[in-house]
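The structure under discussion appears below in the form of C-alpha cells.
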2 protein chains.
Amino acid sequence: MLPELKIQPLRCVLAIVDEGGFHAAARQLHRTQPAVSMAVRELEQRLGEPLFEKGGKATLTPFGRYCLPRFRELITQHDRLSRELWAQVQKQAGHVDMAAVPSVASRLMPQLLSDFILRYPDLKVSLHDGSADFVRRLVAGGEVELGFTSLWREDDELSFMPLMRDEVGVVCRDDHPLAERAELGWEALQGQVLIRNGTSRLLEGTEAEPLLEESAFDISNMISLTAMLVAGIGITTLPRLAFPQEYERLRFIPLVDPMVERELGLLRPGKRSLSPAAQAMEAFVIESLRAETLAVP
Amino acid sequence: MLPELKIQPLRCVLAIVDEGGFHAAARQLHRTQPAVSMAVRELEQRLGEPLFEKGGKATLTPFGRYCLPRFRELITQHDRLSRELWAQVQKQAGHVDMAAVPSVASRLMPQLLSDFILRYPDLKVSLHDGSADFVRRLVAGGEVELGFTSLWREDDELSFMPLMRDEVGVVCRDDHPLAERAELGWEALQGQVLIRNGTSRLLEGTEAEPLLEESAFDISNMISLTAMLVAGIGITTLPRLAFPQEYERLRFIPLVDPMVERELGLLRPGKRSLSPAAQAMEAFVIESLRAETLAVP
DNA sequence: CCTCATGGTAAGAAAACCTGATCATCGGAT
DNA sequence: ATCCGATGATCAGGTTTTCTTACCATGAGG
C-alpha cells in the first residue's frame, strides 16, 4: 500500500529545483533530460500527486514544495550512511578490539601499534592483555576479534596463524653459578631451586619435565616472579620474549638440550569474518612480522 | 564513488535477520528466495564487503552487525516519510489556508467548515477574512490557496468559479417609509440619505449609479455602518448575504428595478495546482453549494 | 543412509531504465 | 509578426537490472 520511494528519483527532484530546470538537472546527474522527466513522472504517479506544474517551466506544486525539504532530508541521511559505510570498508574509520599475551603486549605491541596508527590514522584500537587462555576465551566469545598469543590447544572454532617462534631459556641472577654459561642443557638445572610460572607447562612432555616436579614455588604473577629472581631465591624458565630485560641483574641463558619453543601468532574466529578494521590489523601484523621474522629485540 | 544504497536490498537484509533465514525473508517480502540471495549479493559487492557469513546459515559478519542498525534506521526514516506523504495525498493530514469576504466568512463558512471537518477530521483549516480585493491579493500572492469572494476584476493569473448569486437590496430601519415595501425600484431612493459602503460599487454602471453621487457618507466598516442604520441616520444598499440579520430593527428590501447581483465563488491560482488538502476543500465547497444552490439562509 | 532443511547457481523472462530523435509550446529577439 | 532558441513532453529502441523457475551442493537429524 505504501509507495516505495527510490533514492534516485528523489535526487532528480532536488537537482531540478536546485539547478532550476530539467536540462540542467540532467547535466548534473550525468543523465539525459528524458531520463529525468520519466523519473519524475514515475515518482509522481507513484505518489498519486504531481510535484511539478504542467505548464512549461519547472515550478513546484504546493505538494512539491511540501515534499522538497523531506526529500532533501532523506537523501542527506542516505548519503551520510553511505559515506559512513564506505569509510568503514576503506578502513578510514572503525574499531579493532584485540587481545595479547602480556609478553607480546609489552614487547611487540607498542612498536606494532604505533606503526599501525601511522598507516591507518583513523582506526581506533583497544588492546586487552591476559593469559593465553584468557586471550583464547576472549576471541572465542567474540569479545575481541583478534588475539596475539601462543597456541596450546587446538580449537576448530578458532584458527591460528603462527608468526614467530620464541625459545625457552633459563633466567637467573647475574651472580648465579649458571649465569656465565652461553647455553644450558636440562641436566645443569638439577638440584637448582626452580620457580614454576605460567609458561612452565611448555616443558611438559620434554626431558626437562621432571624438574618441574621438584619445584617448590609456582608464581604466575610476573612482578612477584622477578622480585624472587632478583632476590636470588631461585631460577626459572621463560620464553625469551617474556624475559624482563629491564632488570639489569637478570640473565637469560638459552636452553638447548631440550630445545623448547613456543609458537606465537594470531588467533582469530575460525570461519567467521572480521570487521574491515580487524582485517586491516590482521594483515598489518602478518606483514610486519614477516619482515622482521625472528628479529626479537 | 559513493555507493547508491537502494531501499529494497536493505529491507532484504533486515528481513533475513528478523525472520532468521533467506527463505523466511523471501516469504515475508513476497519474493522468491533466489531474489533475496541475489539482492544481498548485489548489495555486498556494491559495498565491497560481505554482510553474511558464507557457510550455510544466515549469520551476520561483524560488518553486517555494524550495518544492521544503520540500515534499520534508514528504512525507518524512509517509511516514516512514505507514510507521511501518503497521508497528505489521501487527505488524512494537511493544512488549508483560505480567505473569504466577511459576509461569506460569517454567514457561510461556519456551517461549511463544521461539515468539512466532519468529512476530513484530520485536516487543519486557517480562514482569513477581508475585502474582496484583499482576498484576491492573498490568493494571487500565494499566501492562501483558496478565496471565497466576489469577482470584480478579471485576472488571468487567477481563475474564478462562480457558485452563487447574491442580490443587492436596500437596508433601512423598520420605521423608515420604505420599510414596508416588498421590493423597490431605484427611483424610490431618490432624495433619501444614502450611505455608501464597500459593496456600493456593485451599482456602478447601472441606472442607480447617480444615487451614489449624492451620498454624503462612505462607511466601509460594517459595525459603523449598522450603527448608523440603526440610528436612523440613513439607508444603504447591501447584498443579501451581507445584510446583518441579527439587528431586529433593520429591514432588507430587494432592489428589483436595476436588478443587481454579485457573483460569489471560489478564487484559486490560475494554472497552478492546489495542495491535496486544498483540493479537498475546493471540491467540498463546490459540492456543498451545488446542493443548496441559492438557498441563502 | 536417507530425507528435509538450508543457501547458492544458471538461464530465460519480465520490468525498469536510459538514450536518441522528435514534437509542442513559449518567450524574446529581430 | 515571425523566427529562433530554449524548455519539457513523448515515443520507440536497446541495455541493464531484477525476478522467477528449476536445479545443485551441503549439513543436520531421524
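Labels below follow one simple rule: chain letters A, B, ... track the order of the sequence lines, proteins then strands, and each chain is numbered from 1. Just so you know, these numbers use all the heavy atoms, side chains as well, and skip hydrogens, waters and symmetry mates.
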Subject >> Nearest-neighbour nucleotide for the Ala58(B) side chain, dG7(C), dC19(D), dC18(C) considered >> reply: dG7(C)
**OP:** Send over the distance from Arg46(A) CZ to dA15(C) C1', rounded to a whole Å.
**Re:** 12 Å
Original post:
Charged N to carboxylate O below 4.0 Å: is that the case for Asp133(A) and Arg137(A)?
Top reply: yes
Original post:
Is the closest side-chain donor-acceptor distance between Arg119(B) and Ser288(B) under 3.5 Å?
Top reply: no
Original post:
Separation of Gln45(A) atom CD from dC17(C) atom P, in whole Å?
Top reply: 11 Å
**OP:** Among the candidates dT18(D), dG20(C), dG8(D), find the nucleotide nearest to the side-chain atoms of Ser37(A).
**Re:** dG8(D)
Subject >> d(CG, Leu43(A); C1', dA16(C)) in whole Å >> reply: 15 Å
Subject >> Nearest-angstrom distance from the residue atom CE of Met38(A) to C1' of dG20(C) >> reply: 12 Å
Subject >> Length of the line joining Lys57(B):NZ and dG8(C):P, which is rounded to integer Å >> reply: 11 Å
**OP:** Please report, rounded to the nearest Å, how far the P atom of dA5(C) is from the CD atom of Glu19(B).
**Re:** 17 Å
Original post:
Considering only dT20(D), dT7(D), dC11(D), which nucleotide approaches the side chain of His23(A) most closely?
Top reply: dT7(D)
Subject >> Whole-Å gap separating P (dT7(D)) and CZ (Arg27(A)) >> reply: 7 Å
**OP:** Report which part of the nucleic acid Lys6(A) touches: base, sugar-phosphate, or nothing (heavy-atom distance under 4.0 Å, all strands).
**Re:** sugar-phosphate
Subject >> Nearest listed nucleotide, side chain of Pro34(B), among dC18(C), dA10(C), dC17(C) >> reply: dA10(C)
Original post:
Between dT20(D), dG8(D), dG8(C), which nucleotide has the shortest distance from any of its atoms to the side chain of Phe22(B)?
Top reply: dG8(C)
Original post:
Does Gln33(A) reach the main-chain N or O of His23(A) with its side chain, forming a donor-acceptor pair under 3.5 Å?
Top reply: no
**OP:** Could you check whether Gln33(A) gets within reach of a base, just the sugar-phosphate, or nothing at all, counting any heavy atom under 4.0 Å?
**Re:** base
Subject >> Gln88(A) versus Glu49(B), side-chain donor and acceptor atoms under 3.5 Å >> reply: no
Original post:
What is the distance, rounded to the nearest whole Å, between atom NZ of Lys54(A) and atom C1' of dT10(D)?
Top reply: 15 Å
Original post:
Heavy atoms under 4.0 Å, any strand shown: does Ala39(B) hit a base, just sugar-phosphate, or nothing?
Top reply: nothing
Original post:
Is any side-chain N of the basic residue among Arg11(A) and Glu4(B) closer than 4.0 Å to the acidic one's carboxylate O?
Top reply: yes
